[in-house]
Number of protein chains: 2
Amino acid sequence: MAQGVGDLNLSVGYALKQAAAALRTAMDAGLRPLGLTVPQYACLELLRQRPGLSAAELARGAFVTRQSMHAVLLGLEERGLLTRASTATRGRALPTELTEAGHRVLAEASAVVAEIERRMIRSLSVAEQQRLRADLAACAAALGDTTPR
Amino acid sequence: MAQGVGDLNLSVGYALKQAAAALRTAMDAGLRPLGLTVPQYACLELLRQRPGLSAAELARGAFVTRQSMHAVLLGLEERGLLTRASTATRGRALPTELTEAGHRVLAEASAVVAEIERRMIRSLSVAEQQRLRADLAACAAALGDTTPR
DNA sequence: GAGAGTATGTCAGGATGTTGACATGGCGCA
DNA sequence: TGCGCCATGTCAACATCCTGACATACTCTC
């Protein structure tokens with residue numbers, strides 16, 4: 001018979017959840033004054049780095065479903081932070097891009113998030129940070145690195 | 001002016017979110033056949049290790065709000081997996097404990113989750129696992145290690 | 001002993017996310 | 001060419017979770 005999970009304080013999975021929850025809470029609090037939720041910020045950040053992404057690609061990058069990202073896009077588009085092509089250039093995918101206002105809001109939000117991330121890893125050396133990031137990526141890859149259906 | 005978040009692929013925060021999302025997805029899929037959600041499993045696992053916990057303490061341990069944990073407890077109690085004291089022995093806190101059925105279900109679930117965690121960290125040595133866990137704990141502590149209000 | 005401050009349990013409402021489904025548009029293959 | 005297959009966009013229904021609020025009970029301080 002397989003053994004169960006042992007002491008939670010010795011579990012990597014529990015520590016992972018703990019850190020992710022703390023980060024999420026800190027980002028929520030930091031982004032609220034800007035009128036952004038975490039998924040909304042993630043959407044903007046992804047579009048800055050890779051303009052023209054479709055809703056489905058954004059959903060995978062932000063770890064939510066297509067449907068959730070659809071709602072996020074509608075909200076951000078109504079606020080004038082991004083524009084969506086009305087017709088597909090290839091397949092059914094509708095390319096999305098940031099507007100000027102979107103870039104401005106994102107700049108503020110990105111500074112807030114960067115500060116939070118710096119605070120999170122301030123006790124680690126640069127080498128340790130890279131190692132941590134690599135280990136986390138390896139964990140994600142080992143689990144299949146899936147996004148919600 | 002503060003710099004923003006750089007390349008997401010170089011961000012520890014993004015890697016953290018990615019790994020946590022992969023773990024959550026894997027746990028969801030593994031626990032579904034047992035009729036358990038992740039918060040429900042977390043609740044049972046916490047109670048095994050620390051019987052007599054109150055709803056508020058369970059909520060903090062599972063990284064959800066008191067209200068969410070309240071709903072989880074109602075469901076698990078109705079299924080006969082745990083019992084809640086009807087009167088408080090100290091303060092308003094109502095101690096909760098697993099039933100025999102609860103222990104049986106948890107044993108199955110715990111084996112499933114342990115297998116997922118093993119798969120997640122199989123590419124890391126024991127020393128690397130401990131280091132990763134310590135780094136994650138440090139990150140959580142640096143952010144205040146808060147749970148949702 | 002009285003008061004503020006804090007922690008807990010609980011209820012109601014609303015925001016958010018997911019599941020399920022369907023239609024449409026490429027792509028590969030016989 | 002025709003067919004199956006997959007990806008995308010979108011809608012409706014449902015589940016989940018959080019926000020806000022209130023009552024109760026302990027603790028600490030004066």
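Side chains are part of it too, since the values below use all heavy atoms of this structure and drop only hydrogens, waters and symmetry mates. Chain A is the first sequence line, chain B the second, and so forth, proteins listed ahead of strands; every chain is numbered from 1.
Taking the C1' atoms of five terminal pairs at each end of the helix from C:dG1-D:dC30 to C:dA30-D:dT1, the two resulting helix axes are inclined by 40°, rounded to 10°.
With C:dG9, D:dT10, D:dT8 as the choices, the nucleotide that has an atom nearest any side-chain atom of A:Ala56 turns out to be D:dT8. Comparing D:dT19, D:dT10, D:dT8 against the side chain of A:Glu57 picks out D:dT8 as the nearest.
A donor-acceptor contact shorter than 3.5 Å is absent between the side chain of A:Thr96 and the backbone of A:Ser54. With hydrogens and angles disregarded, a donor-acceptor distance shorter than 3.5 Å links the side chain of A:Glu117 to the backbone of B:Val12.
Pairing each heavy atom of A:Tyr14 with each of B:Leu46, the nearest pair is OH-CD2, 4.4 Å. In plain terms, the two heavy atoms of B:Ser110 and B:Glu45 that are nearest each other are OG-OE1, 3.2 Å.
Atom CG in B:Leu74 sits roughly 8 Å away from atom P in C:dC11 (whole-Å rounding). Note: CG (A:Leu94) to P (C:dT24) measures 15 Å, nearest angstrom.
Atom CZ of B:Arg84 is surrounded by more than 12 heavy atoms from other residues, nucleotides or ligands within 6.0 Å.
Hydrophobic clustering (side-chain heavy atoms under 4.5 Å, transitive across Ile, Leu, Val, Met, Phe, Trp, Tyr) keeps A:Leu74 apart from A:Leu106. In the hydrophobic clustering of this structure, A:Leu76 groups with A:Leu34; members are Ile, Leu, Val, Met, Phe, Trp, Tyr whose side-chain heavy atoms approach within less than 4.5 Å, directly or through other members.
Within the structure, every side-chain polar atom (N or O) of A:Arg66 is placed at least 4.0 Å from both OP1 and OP2 of C:dC22. For D:dG9, the OP1/OP2 oxygens have no side-chain nitrogen or oxygen of A:His70 closer than 4.0 Å.
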Strictly under 3.5 Å: I want the nitrogen or oxygen pairs between protein and nucleotides 12-18 of chain C, one per line.
{"residue": "C:dT18", "atom": "OP2", "partner": "A:Thr65", "partner atom": "N", "Å": "3.3"}
{"residue": "C:dT18", "atom": "OP2", "partner": "A:Thr65", "partner atom": "OG1", "Å": "3.0"}
{"residue": "C:dT18", "atom": "OP2", "partner": "A:Ser68", "partner atom": "OG", "Å": "2.5"}

